[in-house]
Asker: 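Got a structure for you, written out below as structure tokens; questions coming shortly.
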2 protein chains.
Amino acid sequence: MHRETLQRYMNYLLLLTKLKSEGRATVTSDELAVREGVTGSRVRQDLSALRILGKPRQGYRIADLEILISSMLDILSAKPVALVGIGNLGRALVLSDIWSHAGFDLVALFDADPAVIGTAVAGIPVRDAATMERFIQEQGIESACLALPADKAQAVADRLVNAGVRAFWNFALIDLDVPAGIIVENQRLEQGLMALSFRIAKRNSDQARGPQD
Amino acid sequence: MHRETLQRYMNYLLLLTKLKSEGRATVTSDELAVREGVTGSRVRQDLSALRILGKPRQGYRIADLEILISSMLDILSAKPVALVGIGNLGRALVLSDIWSHAGFDLVALFDADPAVIGTAVAGIPVRDAATMERFIQEQGIESACLALPADKAQAVADRLVNAGVRAFWNFALIDLDVPAGIIVENQRLEQGLMALSFRIAKRNSDQARGPQD
DNA sequence: CCGGTCTCGGTACCCGGTTATCGATTCTAC
DNA sequence: GTAGAATCGATAACCGGGTACCGAGACCGG
Ligand SMILES: NC(=O)c1ccc[n+]([C@@H]2O[C@H](COP(=O)([O-])OP(=O)(O)OC[C@H]3O[C@@H](n4cnc5c(N)ncnc54)[C@H](O)[C@@H]3O)[C@@H](O)[C@H]2O)c1
Ligand SMILES: NC(=O)c1ccc[n+]([C@@H]2O[C@H](COP(=O)([O-])OP(=O)(O)OC[C@H]3O[C@@H](n4cnc5c(N)ncnc54)[C@H](O)[C@@H]3O)[C@@H](O)[C@H]2O)c1
């Protein structure tokens, strides 16, 4: 599955949550389509691929969509995850509620700074990074989020792989070198900002040329 | 231009910076290709679209690539930008060095909390959000980053649009409603985490079925 | 100097994502 | 009950990004 498609599914889910909170029980393909900038046709094909059936003149049942899309993304499972690096970024991530939304359960925080070890963030204690391997192994944690300086990330990742971690959400500005089979999802905030820059440049040049429609 | 293509250009740029720091002066299309998981053909077409010429048996001059890709993304320009919401996330963004890499110059910070107003982060003073409009107008700032709670984001965005802001980098978990022509680039960290969840589920099911190759 | 090899530039083709279209089904209105 | 509108499901057509391929230029070794 391509990234665009995956992103569409995620956006459907985000939108469904909103619709449900408004009391809606069903939704049509065209409604989902306009929010995504695609046609109803595309939406119907997306849902069809998940074996989701709708009813003519009624649409799709929101509850069905939520369950099926969620299970495809495997975000119902509460996979335990650890976060290493309780700086500004780490703290913001801990305090956000994205973990449960994406099927993770944030169960452990680690840092190397004595000033933060022993404190708690969002009720989760910050442990000494020196004790990391043991805790990870004992708890069977297979996912980790890295929010620490680029020059520390590779060494920490190596230790975590040894302890059994098989998937990383990496914020450090470095390409991690990991064994085959280990997943690294890099979160490069730079890219969002560069994309914004490009869109600004494009809009400005389009307006300078004058709208063509 | 599609998002995938844009992302490829950005990755070329990131990689070029690294190569240059290693003392390299030229790079071949195949070298750039393997890092991106595409063929040399695709890279040559990408570069050809930017009117970048290489030399047979030598490759492309890294300096040329950097300048042309950078200018396409318009990241040489140092556009002034303001950041609103100096919480954990805002602080992490201020302290990162992504702004200059993406063609922006972070010139102003705003918050509503008296406890942080008057302090400074990375040498930039935090101003009272009440004085936001005036400063934005006087400085001619047209870009803003929103790192504040979802229920405050729309009101702040409205005020900023009135003051002249025409592009947003939005971290609040809400779909901003803005006039036509105003750009909103949403940074949804949830998506990265959901993508990780999906990749984990896919790997696990693939392994269960056994490698097919 | 010359064949061999490497890599670029351009072209043709392919594939899959997207849209368009049409028949089938269900609900509403009278 | 029937006409009409709305919406789904399926299929076909379209389009553009990606790949394969080939000829041309550049460097190397002998
Ligand atoms: N584009 C992006 O993805 C992006 C954006 C912002 C920041 N970042 C990066 O995220 C990282 C964290 O940012 P931040 O503002 O929170 O930085 P920070 O300095 O505030 O936090 C880093 C934390 O990591 C801890 N740490 C250092 N070495 C460690 C180790 N070996 N084991 C465990 N913990 C260790 C430190 O004690 C500190 O608490 C930085 O590398 C920054 O460059 C990336
Ligand atoms: N997926 C994501 O994109 C993602 C991830 C993490 C956090 N977030 C969001 O980012 C936002 C900030 O996160 P955080 O951890 O820094 O929160 P935070 O509470 O630490 O910081 C919010 C800051 O905004 C300030 N603020 C509130 N109202 C304001 C106003 N009207 N004008 C100016 N400033 C105002 C507060 O004083 C505070 O300093 C939150 O909304 C959070 O949900 C999003």
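Lettering follows sequence order; numbering is per chain, from 1. No hydrogens, no waters, no symmetry mates; every other heavy atom, side chains included, goes into these values.
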Asker: In whole angstroms, how far is the P atom of C/dT5 from the CD atom of B/Gln58?
Answerer: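 About 20 Å, once rounded to whole Å.
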
Asker: What integer distance in Å separates A/Leu47:CG from D/dT7:P?
Answerer: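 Distance check: A/Leu47 CG to D/dT7 P gives 15 Å.
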
Asker: Decide whether B/Gln7 and B/Asn11 meet the rule of one side-chain donor and one side-chain acceptor closer than 3.5 Å.
Answerer: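 There is no such pair between these side chains.
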
Asker: Name the nucleic acid region contacted by A/Thr28, choosing base, sugar-phosphate or nothing; use a 4.0 angstrom heavy-atom cut-off, strictly under.
Answerer: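 A/Thr28: backbone/sugar contact only, no base atoms under 4.0 Å.
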
Asker: When you measure from the side chain of B/Arg203 to the backbone of A/Arg166, do you find a donor-acceptor pair of N or O atoms at a distance under 3.5 Å?
Answerer: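 Yes: the side chain of B/Arg203 pairs with the backbone of A/Arg166.
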
Asker: In whole Å, I'd like the distance from the CG atom of B/Asp46 to the P atom of D/dG18.
Answerer: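 Result: 8 Å.
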
Asker: Roughly how many Å is it from CZ in B/Arg42 to P in C/dG10, rounded to a whole number?
Answerer: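 The distance from CZ of B/Arg42 to P of C/dG10 comes to 14 Å, rounded to the nearest Å.
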
Asker: Between A/Ser143 (side chain) and A/Ala167 (backbone), is there a donor-acceptor pair under 3.5 Å?
Answerer: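 Answer holds: no.
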
Asker: Round to a whole Å and report the spacing from CG of A/Leu50 to P of D/dG9.
Answerer: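 Checked: the CG to P distance equals 13 Å.
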
Asker: Measure from the side chain of A/Arg57, starting at C-beta and using heavy atoms only, and say which of C/dT18, D/dA26, D/dT7 lies closest.
Answerer: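 The answer is D/dT7, which lies nearest to the side chain.
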
Asker: Output the single nucleotide from D/dG17, C/dC8, D/dA20 whose closest atom is nearest the side chain of B/His2.
Answerer: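 The answer is D/dG17, which lies nearest to the side chain.
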
Asker: Has B/Ser41 got a side-chain N or O lying under 4.0 Å from the OP1 or OP2 atom of D/dA20?
Answerer: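 Negative; the distance criterion is not met.
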
Asker: Under 3.5 Å, is there an N or O donor on one side and an acceptor on the other linking the side chain of A/Arg44 and the base of D/dT7?
Answerer: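 Counting by modelled atom types and ignoring angles, no donor-acceptor contact under 3.5 Å is found here.
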
Asker: In whole angstrom, give the distance that lies between atom CG of B/Leu53 and atom P of C/dC8.
Answerer: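 B/Leu53 atom CG is separated from C/dC8 atom P by 12 Å.
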
Asker: Select base, sugar-phosphate, or nothing to describe what B/Gly59 touches, counting heavy atoms under 4.0 Å on all strands.
Answerer: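 It contacts sugar-phosphate atoms only.
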
Asker: Tell me: NZ of B/Lys55 to P of D/dC28, nearest whole Å?
Answerer: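 Nearest whole value for this atom pair: 13 Å.
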
Asker: Would you say B/Ser48 places a side-chain N or O within less than 4.0 Å of OP1 or OP2 belonging to C/dG9?
Answerer: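 Looking at the OP1 and OP2 atoms of C/dG9, neither is under 4.0 Å from any side-chain N or O of B/Ser48.
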
Asker: Once you round it to whole Å, what is the distance between C1' of C/dG16 and CD of B/Glu4?
Answerer: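 Checked: the CD to C1' distance equals 13 Å.
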
Asker: Assuming nearest nucleotide by heavy-atom distance, tell me which of B/Pro56 and A/Val38 is located more 5' along DNA chain C.
Answerer: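 In this pair, the answer is B/Pro56.
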
Asker: Answer yes or no: are there more than 12 heavy-atom neighbours, outside B/Arg61 itself, under 6.0 Å from its atom CZ?
Answerer: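 No, not enclosed.
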
Asker: Any donor and acceptor pair, going by atom type alone, linking the side chain of B/Arg199 with main-chain N or O of A/Val184 inside 3.5 Å?
Answerer: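 Present.
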
Asker: Please work out if B/Arg8 contacts a base, only the sugar-phosphate, or nothing of the nucleic acid, heavy-atom cut-off 4.0 Å.
Answerer: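 Counting heavy atoms under 4.0 Å across all strands, the contact made by B/Arg8 is with sugar-phosphate only.
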
Asker: Heavy atoms from C-beta onward define the side chain here; which of D/dA12, C/dT28, D/dG25 lies closest to that of A/Gln45?
Answerer: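 Selected nucleotide (nearest to the side chain): D/dA12.
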
